[in-house]
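Working notes for the structure below.
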Protein chains: 2
Amino acid sequence: MPNSLSSFNRDTFNTALREKGLRPTKQRACVYGVILDKRDHPTADDIYDRVKRHLPGTSFATVYNCLETLVGCDLVRQVNMDRSPTRYCPNLTPHAHFRCTQSGKIYDVEIDNDTLSLMQALVPEGFEAENLDLSFSGTAKSSNN
Amino acid sequence: MPNSLSSFNRDTFNTALREKGLRPTKQRACVYGVILDKRDHPTADDIYDRVKRHLPGTSFATVYNCLETLVGCDLVRQVNMDRSPTRYCPNLTPHAHFRCTQSGKIYDVEIDNDTLSLMQALVPEGFEAENLDLSFSGTAKSSNN
DNA sequence: TTCAGGAATTAGAATAATTCCAATTTAGCT
DNA sequence: AGCTAAATTGGAATTATTCTAATTCCTGAA
């Protein structure tokens with residue numbers, strides 16, 4: 001039985017959904033599962049393909065619905081880089097993204113607390129930032145694959 | 001005659017285009033003009049409306065073509081925030097953006113050199129960043145309009 | 001346990017931003 | 001003026017995403 005969540009993740013998942021009064025359905029679990037499974041910042045399209053291998057009847061709308069739900073429950077994060085399709089990421093720690101313009105691959109980049117504080121301090125008086133997004137693009141040596 | 005470029009901007013414009021072997025057409029000048037004129041981070045749609053007031057025959061495709069050209073000549077910058085339409089910005093200094101989730105307005109946020117260096121230092125060995133994007137979203141007090 | 005009612009899923013249509021395309025116009029050279 | 005490549009044009013096409021209305025599925029009260 002592939003893509004069953006580990007009991008740890010299953011717990012996180014159930015709890016997060018129940019807290020919002022939402023149902024932990026098999027589609028939602030599966031979408032969450034494939035995102036945890038291969039942390040390659042998949043697009044909705046990628047996720048759809050992977051989910052179909054486990055739950056063949058799943059529709060595109062459902063994938064989008066599930067993703068929206070998971071994002072709303074803070075189980076996964078959206079990653080938007082330029083105009084390219086939205087990607088999804090189970091890494092919830094504060095981190096930036098690096099996109100290789102050659103391969104299209106996206107890498108997580110840790111942000112240390114000092115730098116994070118300095119960035120947050122850029123926001124002027126009278127503005128209240130709830131969200132911060134930092135991304136880089138450029139080239140990655142192929143040894144980083 | 002509205003939206004004629006100041007002689008300073010006209011020079012910048014002509015030079016930047018000629019350097020790439022491109023023609024400084026009236027459509028390109030007008031698109032550049034409206035972006036300089038009202039620095040409110042307009043979308044292609046906004047720009048189209050404003051350009052039509054000066055050059056009524058202009059098509060949408062032309063606006064997009066001109067924008068691409070201007071970006072390629074480093075005369076304006078694209079600003080992408082989440083999934084919302086691309087916006088355009090004539091501020092070429094390193095700066096971040098703040099989007100007010102209530103009004104949708106976008107504000108420039110200066111980045112000091114120290115913070116900029118620290119951010120650039122986040123990029124790990126083996127990665128070469130050509131581009132850095134920092135954006136915030138949250139709420140802005142209405143006195144910031 | 002059943003069953004009512006809300007929640008979730010589904011297929012397919014609709015939308016929004018952007019890009020593509022083929023035809024026409026224009027600008028810059030000789 | 002006339003040639004040629006570049007730019008513009010209108011409309012069709014594309015892409016990612018959202019919407020809609022119908023169906024199916026859970027859950028908890030009887």
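Excluded from the calculations below are hydrogen atoms, water molecules and symmetry mates; all remaining heavy atoms, backbone and side chain alike, are included. By convention in this document, chain letters (A, B, ...) are assigned in the order of the sequence lines, proteins followed by strands, and residues within each chain are numbered from 1. The structure presented is a predicted model; accordingly, all values stated were derived computationally and were not measured.
Between the side chains of Asn9(B) and Ser6(B), at least one donor-acceptor pair of N or O atoms lies under 3.5 Å. Thr115(A) and Asp112(A) share a donor-acceptor pair across their side chains, judged by distance under 3.5 Å alone.
Rounded to an integer number of Å, the gap from CG of Asp46(B) to C1' of dA16(C) is 14 Å. Rounded to whole angstrom, the span from the CG atom of Asn80(A) across to the C1' atom of dA17(C) amounts to 14 Å. In this structure, the OH atom of Tyr48(A) is 16 Å from the C1' atom of dT15(D), given to the nearest Å. With rounding to whole Å, Phe60(A) atom CZ is found 9 Å from dT17(D) atom C1'. Atom-to-atom, CG of Leu17(A) to C1' of dT27(D) comes out at 16 Å; the value is rounded to the nearest Å. Whole-Å rounding puts the Tyr88(B) OH to dA17(C) P distance at 12 Å. Distance CD (Glu68(A)) to P (dA16(D)): 19 Å, rounded to an integer number of Å. Atom C1' of nucleotide dT8(D) and atom NE2 of His54(B) are separated by 19 Å, given to the nearest angstrom.
Between Pro24(A) and Arg83(B), the residue anchored closer to the 5' end of DNA chain D is Arg83(B), taking for each the nucleotide with the nearest heavy atom. Of the residues near DNA chain C, Asn65(B) and Lys26(B), the one whose nearest nucleotide (by heavy atom distance) lies more toward the 5' end is Asn65(B). Mapping Thr69(A) and Pro85(B) onto DNA chain C by nearest heavy atom places Thr69(A) at the nucleotide closer to the 5' end.
For dT9(D), one of the phosphate oxygens OP1 or OP2 lies less than 4.0 angstrom from a side-chain nitrogen or oxygen of Gln27(B). Between Arg23(B) and dT26(C) there is no side-chain N or O to OP1 or OP2 distance below 4.0 Å. One finds a side-chain N or O of Tyr64(B) lying less than 4.0 angstrom from the OP1 or OP2 phosphate oxygen of dT18(C). Regarding contacts with the backbone of dT17(D), a side-chain N or O of Thr86(A) is found under 4.0 angstrom from either OP1 or OP2. Taking 4.0 angstrom as the limit, Ser59(A) places none of its side-chain polar atoms (N or O) nearer than this to OP1 or OP2 of dT9(C). Regarding contacts with the backbone of dT8(D), a side-chain N or O of Thr25(B) is found under 4.0 angstrom from either OP1 or OP2. The phosphate of dA16(D) (OP1 or OP2) has no side-chain N or O of Thr43(A) nearer than 4.0 angstrom.
Between the Arg50(B) side chain and the Val31(B) main chain, no donor and acceptor come within less than 3.5 Å of each other.
Listed candidates were dA7(D), dG11(D), dC19(D). Nearest to the side chain of Ala61(A) is dC19(D).
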What's the verdict on side-chain contact (heavy atoms from CB on, under 4.5 Å) for Lys26(A) and Leu55(A), showing C-alpha distance, side-chain angles and the deciding distance? CA-CA 9 Å; Lys26(A) 62 178 189 291; Leu55(A) 299 172; 4.1 Å; yes

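The aromatic rings of His97(B) and His41(B) sit perpendicular, their planes meeting at an angle over 60°, well past the 30° parallel limit.
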